[in-house]
Amino acid sequence: MISRKEPYIFLLTPHHMMLWNIEGEIPELLYYGKKKSLSTDWSAYKGTTNRTGVDLRNYMFSQFGGEDYREAYCEIANGNHNEISNFVFKGYRILKEVKFDSPLPFSRNKESIICFDFEDQINQMQLEIYYATFKDVDVISSFSRLINHHDASIFIHRLSSLELDLHAESFKIYTFDGEWARERSRHESLLTCGVFKNQSRTGSSSALHHPLTIVETNEGFYSVNLIYSSNHLTTIELDDYQRGRILTGMNDFMLSYEVKKDEEFLSPEAILTFAKNESELISTHHTFVQKHIVYKEYENAPRPILMNNWEGTYFDFTKDKILEMAKTAKDLGIELFVLDDGWFGHRDNDASSLGDWFDYSSKTGGLASLAKEIHQLGLKFGIWMEPEMISEDSDLFKEHPEYAMKIPHRTPHLHRNQMMLDLANEEVKEFVLDSIRNVLHLTKADYMKWDYNRNFSDVYSTSCPVGEYFHRYILNLYSIFQTIHEEFPHVLIEGCAAGGSRFDLGILFYMPQIWTSDNTDPYDRIRIQTGTSYGYSQASMGAHVSASPNGFTERKSSLETRFNVACGGNLGYELDPTKFTKEEKEKVKAQIAFYKENRILFQFAKTQYFTSYYQNGIGGFITYDEKQKHGFMVITSSTLSPKGQLKIPLLSTKKEYLLKGRDIPYEQVLKGNRITNLSEIFSHIEDQNEEYALYSVMLEIKEY
Ligand code: GLA
């Protein structure tokens, strides 16, 4: 909600408030935190300049050209051939909705929107800074829109989405960094003075440095994230006067975006959260994803339990093999069968055929009939595509070498033997759309796995200047996502990028779930899911049971542990089910039946991963419905005798709970929220194979 009592403007969320004083040339942030009475004497909150004339006020945004030499909100080469902006506050508007069409993904169901208007008279530019609040969640979002009125073009070198100035003695920063198969490990950095950057230059939100950034001060936790899937940049600066500044937005790396007279430029929407503690922060993020990012239809829609053939067969399959797997999957209770990579062109390994989205019929026995037979088994059918890519060894490359993203006279850098398509080219965009349409029509697919297995390297297009390329690529990609969704609204699309390398709010806007990582070894997975859970709901994370020893890490784990960990996301199986023993089949049947019975809880009840994982290695998660007084927890440990105690989030210190093992014969009454007898609980695990890298238990929780 937005309230005003001029010169004060209040942005109110359920428990928090952000307060602006609009008296000066740029609005001043007087307060952001827990709600206080609107009639507080706010004059006491106004900032000052210190004895040596240093301005200690917190402003809505910063621009270079005065005495503020810190990282600035905007850097624009203006029509008068300089880079000094002179934006001055003109007024504000409270809006019911944003009236222009955005080519970018954005948060849904905003409660109130306010636009602060600024004008640079000298350079004839107009800047609008939007803030939005949400009725049910303590998030404030922000983005900006710049309009050029000058006869000459202007060039955007930086336009951030959000600035938060705040005073602090130090910042403890949490980022989520990694690599392929090691996505989103939580890292801590202490900033006492200087500039910290969290950024991606890969052309995607990336596994390298994820856009979610959390800053802890003595006031609590602030987080920023971006509804954007390309290069991001968050800078956090602290100077010797303890002036702190958080800036977040699209990366200014290789950015020089031309805006002609009367044209505009939109920055992606950033989200800002404040919370007293980590647990509150994480819950806020989960609610935000489910209620304000994913399509309404998927807010609470049960996600199907799938079987994917990738880790079971890789490229080596036939029609008979796939049908045998699908039949077994059906018997086990699986609902959706996904045919992964290898069904098109002459794709027998990763060196060919990307772009040739036609049936490899000698392998599939006819894709349409294979899909039909899978449907006839009573299963949904899903298909893998990697639409943004092209192989050198493909008909497409022979016919249209100009479709590939490559630089004249430079041998293109191949990654996983492939190049990217030049999506800034409209003809390529149409080709991609048609390829997807054909495959979805042919197979009548219910699900599509949209993969993206490499990052940008040869950043170049004949269709646009290099300074615009990263952004234009993502705009065209978003428009493809939007078109496919409109034409095939019933198709559930799961995002994927060599595992979870493009796991962000921009993708989730179009695809309600994302494959979290190619690493399905529960020992690593629990860390990856814990890190991912900082920003994203469990329903947005794909989590599969795979074979043991794990195909990638070669570590061993029990079937129950693999299942327990996979219950922390959308459950799937990714192995060859025909290789199960009779006993294993019975176990898997029971797992699937159990999951179906409790699916709504696992997918949509409040869920928190244990951050104790980072202190003592005891990981897992709890999923608990406060109304039903019912839930489950999974506890993981690399030893059978975990030491120490576990403080369980979401449980009350004042209540008692009955804990009952799902996969162990065990029962206990828990008083409060601390488990102190972990070793005893783990001693009930039946399969105590010493070669296992991870052990786990799943306990049902009922309020007593
Ligand atoms: C990526 C995905 C995997 C699988 C392979 C197929 O690595 O993350 O799940 O689809 O591609 O090549």
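Counting starts at 1 for both ligands and their atoms, following the listed order. Since the structure is predicted, the reported quantities are computational estimates derived from the model, not experimental observations.
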Indicate the ring-plane relationship of W384 and F344, choosing parallel, tilted or perpendicular according to the 30° and 60° boundaries.
parallel

Name the residues with a heavy atom less than 4.0 Å from ligand 1?
W310, D340, D341, W384, R416, K449, D451, N453, C496, A498, G499, W515, D518

Parallel under 30°, tilted from 30 to 60°, perpendicular over 60°: which one fits the rings of Y314 and W310?
perpendicular

Aromatic ring centroids of F315 and W343 under 6.0 Å?
no

Which of parallel (below 30°), tilted (30 to 60°) and perpendicular (above 60°) describes Y510 and Y478?
parallel

Does D177 offer a backbone N or O that forms a donor-acceptor pair with the side chain of R186 under 3.5 Å?
no

Result block: side-chain N/O donor-acceptor pairs under 3.5 angstrom for residues 365-377, not counting sequence neighbours:
unit_1 : atom_1 : unit_2 : atom_2 : d
S369   : OG     : G365   : O      : 3.3
S369   : OG     : G366   : O      : 3.2
E373   : OE2    : K319   : NZ     : 2.8
H375   : ND1    : A371   : O      : 3.4
H375   : NE2    : D446   : OD2    : 2.8

